[in-house]
Amino acid sequence: CFIRFFKSLVGKDVVVELKNDLSICGTLHSVDQYLNIKLTDISVTDTEKYPHMLSVKNCFIRGSVVRYVQLPADEVDTQLLQDSARKEASAPTR
Amino acid sequence: MNKPELEGTAHLLDELDKKLMVLLRDGRTLIGYLRSVDQFANLVLHKTIERIHVGNEYGDIPRGVFIVRGENVVLLGEIDTEKEDELPLIEVSVDDILDAQRKEQELKQEKQRLLSKSPQGKRVAPNARFNSR
């Protein structure tokens with residue numbers, strides 16, 4: 001149910017925090033069934049302890065390394081999310 | 001061909017033949033041309049170089065063809081060739097960068113050792129006895 005949620009966020013600015021403590025800010029370009037994320041126009045938040053990202057504008061992040069995806073509160077309709085999660089829990093589609 | 005459900009889906013296939021920077025779980029950075037992918041994000045990289053960063057210096061080690069198992073990939077970045085020319089970093093020789101990396105590792109290990117020895121993180125009960133060495 002989260003993939004449809006992420007697809008509704010395509011085009012919005014998010015911050016992805018990875019399990020290796022790297023935080024990347026960017027525009028959500030696309031997402032897939034494994035919740036891999038493609039971000040465009042990225043910038044590394046926090047101190048740029050990771051200089052290798054300087055020449056990178058777009059990136060593909062493997063779903064398995066994501067710890068959090070930070071979203072602005074006004075982009076999220078929590079009521080809708082709760083409802084669809086409840087529906088899927090009682091009647092799993094897969 | 002473009003079904004509405006497929007739009008907005010992240011495809012690694014879009015990155016084929018591009019010069020990519022691959023960040024691995026062990027912290028290594030590989031830069032190469034992506035030649036092949038699969039559903040596990042296993043990658044075949046061509047003309048790969050391993051780039052080691054220490055401070056504001058970096059060194060490149062040529063590696064040739066690399067096959068990377070998908071589970072070790074953290075992220076793939078598309079390298080902007082213009083930005084690459086403007087890197088504020090200094091390229092040094094392979095020996096120099098390996099030296100610098102070793103020193104950085106030693107410093108980190110020293111720090112770890114000192115941190116684990118110091119009593120700051122450990123609460124000691126007032127009646128505890130210290131082992132005298």
J.: Which heavy atom in Lys57(A) sits nearest to a heavy atom in Asp80(B), and how many Å separate them?
T.: CD-OD2, 3.7 Å
J.: Under 4.5 Å heavy-atom distance to chain B, tell me which part of Asn58(A) shows up: side chain, backbone, both or neither.
T.: both
J.: Which residues in residues 30-49 of chain B have any heavy atom closer than 4.5 Å to a heavy atom of chain A?
T.: Gln39(B), Phe40(B), Ala41(B)
J.: Cluster question for you: counting only ILVMFWY and a side-chain heavy-atom cut-off of under 4.5 Å, with indirect links fine, are Phe5(A) and Leu39(A) together?
T.: yes
J.: Looking at Arg69(B), I want to see if its CZ is surrounded by more than 12 non-hydrogen atoms of other residues, nucleotides or ligands under 6.0 Å.
T.: no
J.: Starting from the C-alpha separation in whole Å, work towards a yes-or-no answer on side chain to side chain contact (heavy atoms under 4.5 Å, CB included) for Glu15(B) and Lys38(A).
T.: CA-CA 11 Å; Glu15(B) 311 297 314; Lys38(A) 258 199 188 174; 2.9 Å; yes
J.: Below 4.5 Å from any heavy atom of chain B, which atoms of Leu18(A) appear? Answer side chain, backbone, both or neither.
T.: side chain
J.: For Leu22(A), is it the side chain, the backbone, both, or neither that has a heavy atom closer than 4.5 Å to a heavy atom of chain B?
T.: side chain
J.: Assigning hydrophobic clusters by single linkage (Ile, Leu, Val, Met, Phe, Trp, Tyr; side-chain heavy-atom cutoff under 4.5 Å), is Val65(A) placed with Tyr34(A)?
T.: no
J.: Heavy atoms only: give me the nearest Cys59(A)-Gly77(B) pair and the separation to one decimal.
T.: CB-CA, 3.9 Å
J.: Rounded to the nearest 0.5 Å, how far apart are CG of Leu75(B) and CD1 of Ile24(A)?
T.: 5.0 Å
J.: Which heavy atom of Val56(A) sits nearest to which heavy atom of Met21(B), and what is that distance?
T.: CG2-SD, 4.2 Å
J.: Would a hydrophobic clustering, with Ile, Leu, Val, Met, Phe, Trp and Tyr connected at side-chain separations under 4.5 Å, put Val31(A) with Leu9(A)?
T.: yes
J.: Can you tell me how far CZ of Arg62(A) sits from CG of Leu23(B), rounded to the nearest 0.5 angstrom?
T.: 13.5 Å
J.: Honestly curious: do Leu71(A) and Ile3(A) fall in one hydrophobic cluster under the side-chain, below-4.5 Å linking rule?
T.: yes
J.: With clusters defined by side-chain heavy atoms of hydrophobic residues (ILVMFWY) lying less than 4.5 Å apart, directly or transitively, does Val44(A) cluster with Val69(A)?
T.: yes
J.: Below 4.5 Å from any heavy atom of chain A, which atoms of Ile79(B) appear? Answer side chain, backbone, both or neither.
T.: both
J.: With a 4.5 angstrom heavy-atom cut-off, could you sort out which part of Leu20(B) is near chain A: side chain, backbone, both or neither?
T.: neither
